[in-house]
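Everything numeric here is computed off the predicted structure, so don't read it as measured data.
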Amino acid sequence: MDGHVNASSSSRSGAGADGSGLSGAAERLERPPKRTQQRGNYGSNNQDQTDAAVLAVPSVAVRGSSASRPSRLSGGGGGGGGAGPPPNETEEDQGLKYGAQHVIKLFVPVSLCMLLVVATINSISFYSSTDVYLLYTPFHELSPEPSVKFWNALANSLILMSVVVVMTILLIVLYKKRCYRIIHGWLILSSFMLLFIFTYLYLEELLRAYNVPMDYPTALLFMWNFGVAGMMSIHWQGPLRLQQGYLIFVAALMALVFIKYLPEWTAWAVLAAISIWDLIAVLTPRGPLRILVETAQERNEQIFPALIYSSTVIYTLMGTHYTPQQSAEPAVTSSPSSSNSTTTTRATQNSLASPEAAVASSSSRSGNTRTHPHQNQRDDSNVMAAEAEAAGFTQEWSDNLNDRVARRQIEVQSTQSGNAQRSNEYRTVTAPDQAPADAQEERGIKLGLGDFIFYSVLVGKASSYGDWTTTIACFVAILIGLCLTLLLLAVWRKALPALPISITFGLIFCFATSAVVKPFMENLSAKQVFI
Amino acid sequence: MDFSKAPNPRKLQLCRTYFYAGFALLPFVWAINVCWCFEEAFRKPPFPEQSQIKRFVIYSAVGTLLWIVALIAWIIIFQTNRTAWGATADYMSFMIPLGSA
Amino acid sequence: MTLPEFFGCTFIAFGPPFALFVFTIANDPLRIIILIAAAFFWLLSLLLSSLLWFAMIPLRDVLAFGVFFSVVFQECFRYIIYRILRSTEQGLQAVAEDTRVTDNKHILSYVSGLGFGIISGMFALVNVLADMSGPGTMGLQSGTELFFVTSAAQALSIILLHTFWSVIFFNACDTNNYLHIAYVVGSHLFVSLLTLLNASELYTATLLTNYIITILTGLLAFRVAGGTSRSFKKFVTCQ
Amino acid sequence: MEKRVHAAAIWLLMLLHGAAFAQGERTRDKMYQPIVGAGCFRRLNGTHQTGCSSTHAGSVGVLHLINVEADLEFLLASPPSPPYAPMIPPHLFTRRNLLRLIEAGPSNISVVLLINKPEKMKQFSHELNCPNQYSSLNNSETCDASNPATSWNPWGTGLLHEDFPFPIYYIADTEEISKLEKCFLKFNNFNYETHALRSLCAIEVKSFMSAAVSSEVCIRRTRFINNLSGSKYCDPLEGRNVYATVYPRNVSSVEAEETELAITSEKFILVTCRLDTASMFDGVGLGAMDSLVGLSILTQVAHLLRELLPPQSSLPDNRRNVLFVTFNGESYDYIGSQRFVYDVERFAFPKSSARRNLITFDNIEFMLDIGTLDDIANIKLHALSGTPLAQKLLQQLNNYAQSPRYGFNLNIQSEMSYHIPPTSAQSFLRRDPKFPALILNAKPANKYYHSIYDDADNVVFNYGNTSQDFTLLPDVGDTKNFKADSLQMKVRNVSSIVAMALYETLTGKEYTGSKVANPVLADEFFYCFLLSADCPLFKAASYPGSPKGLPMPPMRYVSVLGGPQESSGWTYRVLGYLLSQKQPKIPKDNCTILPLHYFAGFNGVGECRLTTQNYSSALSPAFLIDDYDWRSGNYSTWTESTWSLFSARIFLRPSNVHQVTTLSVGIVVLIVSFCVVYIISSRSEVLFEDLPASNAALFG
C-alpha cells in the first residue's frame with residue numbers, strides 16, 4: 001500500500017503511477033461489499049426522486065458498467081465476443097476497479113467535448129476568427145509589435161483575473177448569508193439562455209458554413225425541441241445519456257465562445273492565469289474556495305443537483321452549473337462580452353470548486369459535496385450583480401436585477417427547508433452500517449464543466465492554427481495531466497485544482513510542438529522519413 | 001436519473017408527464033419518452049402500471065412518427081418550392097443560401 | 001475533392017492499429033491509460049529530439065542526424081517507461097480489471113508499444129492526411145502520386161514495428177537479453193535511416209525491406225510472447 | 001552552474017535562430033501553386049444576373065490550352081475526363097465560342113481562363129452593340145443593334161451582359177501564363193484518350209458570388225434581416241459625380257432648409273462628360289478611348305476657360321456661369337446623370353450641405369455633352385433637332401476649328417436627328433426631348449470599347465514627360481514638340497476649339513487671343529490616368545506633402561459604396577486645382593475651410609486657391625424610391641454581388657482510377673485487419689499455448 005503511494009507520489013510516471021495511486025485509493029474504498037452499496041443507491045433513488053440528478057448516478061452506474069463489461073471480458077477473456085457475464089459479476093469485483101475505469105469515464109466526456117470543439121473550429125470559420133471582443137478585454141492586440149501584444153494580453157488577463165477574484169470574494173460574502181434560491185433561479189434562466197441563444201447562433205453558423213437553406217418553422221421547431229428537452233433532462237429528469245450529452249454540448253459551446261471572443265494572446269494568458277488562480281484559491285490556507293468548502297462542511301448541505309456531469313460510474317462527476325449561466329448572461333445582458341467575462345469568472349469558480357468538492361468528498365462526508373453547489377449559486381447571483389456594474393449597464397438594469405434577486409430571496413426559505421429534509425432522508429438512507437464508505441463511493445471525483453471548457457479552449461485554440469500535430473500533442477498532454485491530477489487526488493486525499501497540471505502540460509506541449517516539433521516533423525514527413 | 005431503478009408509480013408518472021409535455025410541439029420529448037420507457041413497457045416482467053406505460057409509450061411513438069413524417073414532408077415541400085415562392089419563401093427563411101435563387 | 005484518397009490512406013495506415021485498439025485495448029480502462037501514457041512518453045522523446053535538432057542549426061538540413069538522435073531518445077524512453085511500468089506493477093495489480101494485465105507482463109509491453117506506434121504514426125501522417133483532403137494530389141512540382149499511399153504504408157509498418165519492438169524490448173530487459181535489446185535498437189535505427197531513401201523515391205526498396213523487417217520482428221515478438229510454430233499450427237488448424 | 005550557462009546558451013541560440021530557419025514546408029505547399037489574375041464577377045439588374053460565379057467550394061477544371069478554334073472541338077465533344085478549363089487567348093474569346101462553352105454545360109466546362117496573348121487580337125469589346133440601350137431614348141433610330149452602321153459599338157459582343165455558369169479568370173502576367181502552359185504541356189498535352197486514366201494538371205478558381213437572380217431579389221434579401229447576423233448579398237453600384245463652376249458661386253446666406261426655396265437666377269452652360277468605364281474583370285480596364293479622352297478634353301476646356309474668361313462681372317450677362325459635371329456610373333445605364341436629373345428635378349442639387357443656391361432646369365441655358373471622341377478627325381455635333389442654338393454653336397465651333405489662325409483644320413459636322421450617341425445627355429433628353437442638349441461625339445472607331453484592352457496602346461499614347469509647367473497656356477505655335485498627330489495635340493486642338501466656342505458664347509465676342517490649351521497638361525493627364533497615379537499633375541492637385549498616389553493607374557470602375565472612389569477623387573482634385581483662382585494674399589493657415597483650399601501646385605511649394613468643385617452622389621434613384629418597380633426600367637438598377645475572395649491555384653488532379661484503387665485498398669486493409677485481429681484475440685490462448693491462458697490478452 002505505502003509502496004504504491006510512494007510510487008505514485010513520484011508523479012511524473014504516467015499511467016503506472018496513477019494506476020498505483022488509484023489502487024491505493026481503491027483499497028481504501030473497497031470496504032463496502034457491493035450489495036449494500038447497491039441498496040444504498042436504490043434507497044437514495046427512492047428517497048428523493050425530485051432531484052435525481054445526483055442520486056440517480058450510482059444506480060445507473062452499475063448498469064452502465066455491467067453493459068460495458070461483457071465486451072471487456074470478451075476482449076481478453078477469450079469468451080466469444082458478445083456474451084458478457086451477468087451484472088452481478090460486475091458487483092463482485094472490487095470497488096476500486098473504478099479507479100482506472102473512472103479515469104476513463106472522465107476521459108470520454110472530456111475527449112468528446114474537445115472533439116466537438118476542434119471539429120467546429122475546423123469546419124466553421126466563424127468561430128476561429130475574432131472580430132468582436134469581450135468587454136473585459138479592452139486591449140485588442142491589433143499592433144503587429146509582439147511586445148505590445150504581450151502587454152495587451154497581460155493586461156487583459158489581469159483584468160479578467162481581477163474580476164474573477166472580486167467575484168470569488170463576493171461569493172464568499174454572499175455565501176455567508178444564505179440565499180440559495182437566487183442561484184437556482186439563475187441556474188435555470190441561464191441554462192435556458194445558453195440552450196436557446198447560443199445553440200441558435202451555432203445552428204445559424206453551421207448552416208451558413210455549408211450554405212444550406214432552412215426555413216423558420218423547421219428551425220424554430222428544432223430549437224424549441226432541443227432547448228426544452230435540454231432543460232428537462234438537465235434541470236428535471238431525463239435519461240442520463242441525454243443529460244450528459246447536453247452538458248458536454250453546453251461546455252463545448254462555452255469553449256467556442258471563448259475561442260471566438262478572446263484575442264489571440266489573451267486566450268493563452270487567461271488559460272495560464274486561471275490555472276494559477278486555481279492553485280491559489282484551492283491550496284492556500286485562506287484560499288477563498290477552501291473557505292467556501294469549509295463553511296459548506298459546517299452547514300453540511302445537500303448538493304444542488306442541476307447541471308452535474310454524472311458519469312455512468314458510481315462516482316458522480318461533479319459538473320458545475322455556472323457554466324451555462326455565464327453563457328446565459330449574454331442573453332440577459334445582450335452583450336456577449338460581459339457574458340463571456342462572467343463566464344470566465346464562474347468557469348473559474350467551477351474548475352476551482354470541483355477539486356474542493358473532490359477534497360471535501362475524500363476528506364469529509366457527503367456534506368461538502370452538498371455545499372459545493374451553493375457556493376456556485378451564490379457566485380452566480382453576485383456575479384450577476386457585479387457584472388452588471390462592470391459591464392456598466394444602465395442603472396435601471398441593475399435595479400431590476402436587484403429586485404429580481406430579492407424576489408428569489410423571498411422564495412428561498414420554502415425550498416431550502418425542502419432541501420434540508422431531503423438531505424436528511426438521504427443521509428438516513430445511505431447512512432446505515434457503512435455510511436462513510438458509501439458516501440465516498442458516491443462522491444468520487446468531480447470534474448467541473450469549467451474544466452471541460454478550458455481544456456477544450458486550449459485544444460481548440462491549438463487546432464485553430466491548422467497544425468494537427470499540435471492539436472494531438474495538446475490532447476495527449478491534457479489527458480495525462482488529468483491522469484496525474486486524479487492520481488495525486490487519490491494519493492493525497494486533499495483538494496486539488498483540476499486545471500493547473502493539465503493546462504501547464506497543454507501549454508508547454510502546444511508551444512513546444514508548434515515552435516520546435518512541427519518544423520521537425522514537417523521536414524520529416526515532407527521527405528517521408530519515419531522515426 | 002436511472003429509470004429502471006425508479007419505483008413503478010414513479011415510472012408511470014414520468015412517462016405520463018413526458019407524454020403530455022410532448023403536446024407542446026415537442027416531438028423530441030416524445031421520442032425520448034419512447035426510448036426511455038420502452039424497456040419498462042415491453043421488456044420488463046408485467047407490473048400494475050405497465051399497461052398504462054405501454055399505452056403512453058405507444059401514443060408517444062405514434063406522435064413522434066406523425067411529427068417526423070409531417071416535418072419531412074414540409075421540408076421537402078419548402079426546399080423544392082423555395083425559389084418558386086419568391087419573396088414569401090425569403091421571409092420564411094431562417095437561412096437563405098448564398099449565390100442561388 | 002480527393003476524399004477517397006484521404007480515406008483510403010487513413011484506413012491503410014490506421015486500420016490495423018484501430019482494430020487492435022478496439023479488440024484488445026478499448027474495453028480495459030487500465031490499458032487505455034497505459035496506451036495514452038506511452039504516447040505521452042513518445043511525445044517527450046520527440047520533443048527532446050526535435051529540441052536537439054532545432055538547436056543544432058548547422059545540422060538542420062542533415063536529417064540523418066536528427067533521425068539518429070530521435071531513435072536514440074525513443075529507445076531511452078522505451079526503457080524509462082519499462083522501468084516505470086515494472087516498478088508500479090503491484091499497484092496495477094490492485095487496479096487491474098482483469099488480473100491478466102499484470103500477471104502477463106507482455107500485455108503491458110504490447111499496450112505501451114502500441115501507444116508508441118500509434119502516436120508516432122499519427123505525428124508522421126496526420127498533417128499529410130489533412131493536406132490530402134483538398135482537390136489535388138502530389139506531383140505538381142515534386143513527388144509522385146504514390147506519395148500518399150507509400151507514406152500510409154510506411155506509417156503502418158512503423159506502428160506495427162513499435163508494437164513488436166516494445167514486446168521484445170520489455171522481455172529482453174526482464175531477461176537481460178542484450179542481443180534482443182541490440183536488435184530492437186539496431187532495427188529501429190536501420191528502418192528509420194532507410195526511410196531517408198524515400199526522398200529519392202526508391203519506394204520499392206524501402207517499403208520492401210521495411211515490411212520484411214516488420215515481419216521478422218513480428219515473428220520474433222511472437223516467439224518472445226510465447227508463440228511457437230506448434231501453437232501456430234494448432235491455431236491455424238483450429239483445434 | 002556551467003551546465004546552466006550551457007543550457008542558457010543553447011536556448012539563446014535557439015531564440016536567435018527562431019522558427020525562421022526551422023520552417024518546414026507543409027505537404028500542401030508542394031501540391032498547390034497559386035495563380036494571380038483578375039476574376040469576372042456578378043452584376044445584377046432589375047431582371048437578370050450577369051457575369052460569373054464559381055461554385056461554393058471553388059470550381060475545378062482540367063487545363064486545356066486553346067490555340068486555334070479547332071481545339072475547342074475536343075472539349076465540346078464529350079471530353080474524356082471532364083470538367084475542363086480551357087485557356088483561351090483574346091482572339092478566340094468570341095461570343096460564338098463562349099456560347100458553345102456554356103452549352104457544353106458546367107459538367108464539361110467548369111472554368112474558363114482568358115490568357116493575355118493579344119497578338120492575333122483584332123477587336124475585343126464585350127459591351128452591347130447599343131450600350132445602355134434600355135435606358136436611352138426609346139427610338140429605333142437612336143441605335144439599331146442589327147445595323148452596324150447605326151449602332152454605337154459595332155464590334156460589341158454583348159458578353160458583358162451574359163450570365164456564365166462558370167467562373168472566367170483573366171491572367172495578365174506572362175509568367176503566370178507560362179506556368180499554366182508548362183503544367184498543361186507536362187501533364188495533359190499528350191494522348192488525350194488516356195486522360196481519364198492519369199492525373200491531370202487542373203486549376204481551381206474560387207470566386208463565389210453571394211447574390212443571385214436579380215437586384216430585386218438580392219436587395220430584398222439584404223434589407224431583410226432574417227437571423228441574428230443578417231448577411232449582405234449585393235450592393236448597388238454607387239459613385240460620386242464631380243462638378244465645378246468656372247466662376248465661384250456665392251455662398252447662400254440662408255440656412256440649409258430654406259435653401260429649398262432659394263432658387264437662383266443664375267444661368268448655367270452645362271459642360272459634361274462621363275467619368276467611369278466598364279470591363280468584365282475586377283480591377284482591370286482603363287477605358288482610355290471610351291471615356292478618358294472626353295474627360296481630358298473637359299478638364300482642358302475648364303482650365304482654358306478659367307484662364308481666358310474675364311471676371312464674371314464684366315460679362316455681358318453677369319448671371320452666366322459654366323457648370324462642368326463629370327458623371328459617374330454612366331456605363332451602367334447612366335447612374336450619374338439619372339441621379340443628377342432626379343436631383344435637379346426635385347430641387348435637391350446641389351445638396352444643402354454645399355450651401356449654394358439650388359439649380360433647376362430653368363437655370364440651365366444649354367448642355368454641351370462631350371461623348372466618346374474615338375476619332376478626332378470626324379467629330380459630330382449631335383442634337384435631337386436643329387435648333388438655332390445648335391446651329392450657332394456648330395458655326396462657332398467650325399469657325400475656330402477651321403480658322404487658319406490656329407491651324408486646327410478640323411471639320412465638325414452636325415447630325416440633328418434621333419441618332420443620339422449613348423452619352424449622359426440621353427438622361428436629360430429622356431426627361432424632356434426639348435431639353436437643349438448638344439453632344440460632341442465621334443463616329444465609333446473603338447474596337448476595344450469597355451474592355452481590358454482599351455488602354456494606353458489603344459489611344460497610342462506616349463508619355464512626353466516634358467517636366468514643364470502644364471498650368472501655363474502656350475501659344476498656338478508652341479507644340480511643346482509633340483507630333484501633330486499625337487494624342488496630346490489632338491486633345492489640345494479639340495479642347496481649344498470647344499473652349500473658344502464657349503468663350504464666344506459667354507462673352508459674346510470672338511476669341512482673338514493666341515493662347516490655346518496646353519498639350520503638356522493633356523500629356524500629364526493621360527500619364528496619371530493611364531500609367532501611374534504617382535504623377536506630377538496629381539501631386540500638384542493634392543495637399544502638399546500628402547501621400548503619393550500608387551504607381552498604378554486609378555481604378556475607373558464606378559464600384560460600390562465604400563469602394564475605392566479613386567477616379568472621382570482624383571478628378572475632384574484636378575478639376576478643383578485647374579478651375580480655382582490663386583489667392584496669394586491668404587496665408588496657409590487661413591486656407592483651410594472650403595471653398596478655400598491649399599494645393600501643392602506645380603512646383604510643390606503650395607498655394608492657396610479659391611475652389612469651386614464639389615461632389616454629388618451617383619446612386620441610382622431606383623434605390624431611393626420606396627417599392628420602386630424594378631422592371632419599369634425608369635432608372636438604373638445595377639447592383640454588384642458581394643464575394644469573399646478571388647483565388648486560383650493549379651495542382652495535379654488525381655485520376656478516378658487512382659482514387660478508387662487507393663480507397664479500395666484501404667477498405668480491404670481495414671476489413672482484413674479487423675477479421676485477423678478478431679480471430680487472433682478470440683483464440684489467442686491457442687496461439688500462445690505455453691503461457692498461462694491469461695497470455696491470451698497479449699495480441700488480443
Side-chain angles (χ1 to χ4, degrees), chain C residues 1-5 7-13 15-20 22-24 28 51 54-55 57 60 98-101 103-104 106-107 110 127-128 130-132 134-143 145 147-149 152 156 167 222 225-228 230-232 234-235 238-239, chain D residues 10-11 13-14 17 21-22 26-28 30-33 57-58 60 183 187 199 201-202 204 649-654 656 658-678 680-683 686-700:
Chain C
M1 299 302 255
T2 62
L3 279 181
E5 217 177 358
F7 282 112
C9 293
T10 316
F11 291 155
I12 293 177
F18 181 64
L20 288 173
V22 168
F23 286 117
T24 65
D28 180 350
L51 271 176
F54 196 91
I57 315 290
R60 266 190 195 159
D98 45 11
T99 50
R100 290 174 295 105
V101 176
D103 61 15
N104 176 353
H106 294 306
I107 293 184
Y110 157 72
N127 274 332
V128 180
D131 293 346
M132 206 186 301
T137 185
M138 199 62 160
L140 180 58
Q141 282 119 317
S142 64
E145 290 181 63
F147 182 89
F148 293 121
V149 188
L156 174 58
V167 173
F222 176 64
T228 61
R230 188 164 51 82
S231 68
F232 185 72
K234 275 177 66 184
F235 176 80
C238 299
Q239 294 156 5
Chain D
I10 287 189
W11 276 103
L13 197 65
M14 287 163 47
H17 313 67
F21 286 103
R26 193 70 181 257
T27 323
R28 81 166 74 90
K30 293 202 280 179
M31 294 162 64
Y32 300 100
Q33 201 172 10
V60 177
C183 190
F187 296 101
S199 299
C201 180
E204 179 196 57
R649 53 181 187 173
I650 56 172
F651 51 86
L652 214 56
R653 196 192 71 182
N656 291 336
H658 175 67
Q659 298 187 39
V660 172
T661 38
T662 316
L663 181 57
S664 38
V665 169
I667 292 173
V668 169
V669 170
L670 185 68
I671 294 171
V672 168
S673 56
F674 260 81
C675 302
V676 170
V677 174
Y678 176 70
I680 293 183
S681 63
S682 56
R683 308 194 56 240
V686 184
L687 199 49
F688 308 101
E689 51 175 6
D690 59 351
L691 285 157
S694 52
N695 269 11
L698 175 42
F699 279 13

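For the residue pair C:Gln141 and D:Lys30, the shortest heavy atom distance occurs at OE1-O, 2.8 Å. D:Met31 and C:Phe148 get closest at one heavy-atom pair: SD-CZ, 3.7 Å. In this structure, D:Ser673 and C:Gly15 approach most closely via the heavy-atom pair OG-C, 3.8 Å. Of all non-hydrogen atoms in C:Ile12 and D:Gly666, the two that sit nearest each other are CG1-CA, 3.5 Å.
Here the side chains of D:Val677 and C:Pro16 are not in contact, with every heavy-atom distance at 4.5 Å or above. Taking 4.5 Å as the limit, some side-chain heavy atom of D:Thr662 sits within range of a side-chain heavy atom of C:Cys9. Taking the side chain as every heavy atom from C-beta outward, C:Pro135 and D:Arg653 never approach each other to under 4.5 Å. Residues D:Cys183 and C:Leu140 are in side-chain contact: their nearest non-hydrogen atoms beyond the backbone lie under 4.5 Å apart.
For D:Ile650, the parts lying under 4.5 angstrom from a heavy atom of chain C are both the backbone and the side chain.
Highest contact tally toward chain D, considering only C:Val149, C:Val128, C:Asn127, is held by C:Asn127 [criterion: heavy-atom pairs under 4.5 Å].
With sequence neighbours excluded, the residues forming a ring pair (Phe, Tyr, Trp, His ring centres under 6.0 Å) with C:Phe18 are D:Phe674, listed by chain and number. Scored by the side-chain hydrogen bond (donor to acceptor under 3.5 Å, both in side chains) test, D:Ser199 finds C:Glu145 as partners (sequence neighbours excluded).
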Please lay out, stage by stage, how C:Phe7 and D:Leu663 fare under the test side-chain contact (heavy atoms from CB on, under 4.5 Å). CA-CA 6 Å; C:Phe7 282 112; D:Leu663 181 57; 3.9 Å; yes
Go through it in stages, so that I can follow the logic: the residues are C:Phe235 and D:Ile680, the test is side-chain contact (heavy atoms from CB on, under 4.5 Å), and I'd like the CA-CA distance, side-chain angles, deciding distance and then a yes or no. CA-CA 9 Å; C:Phe235 176 80; D:Ile680 293 183; 4.0 Å; yes
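A donor-acceptor pair under 3.5 Å is absent between the side-chain atoms of D:Tyr678 and the main chain of C:Phe23, judged by distance alone.
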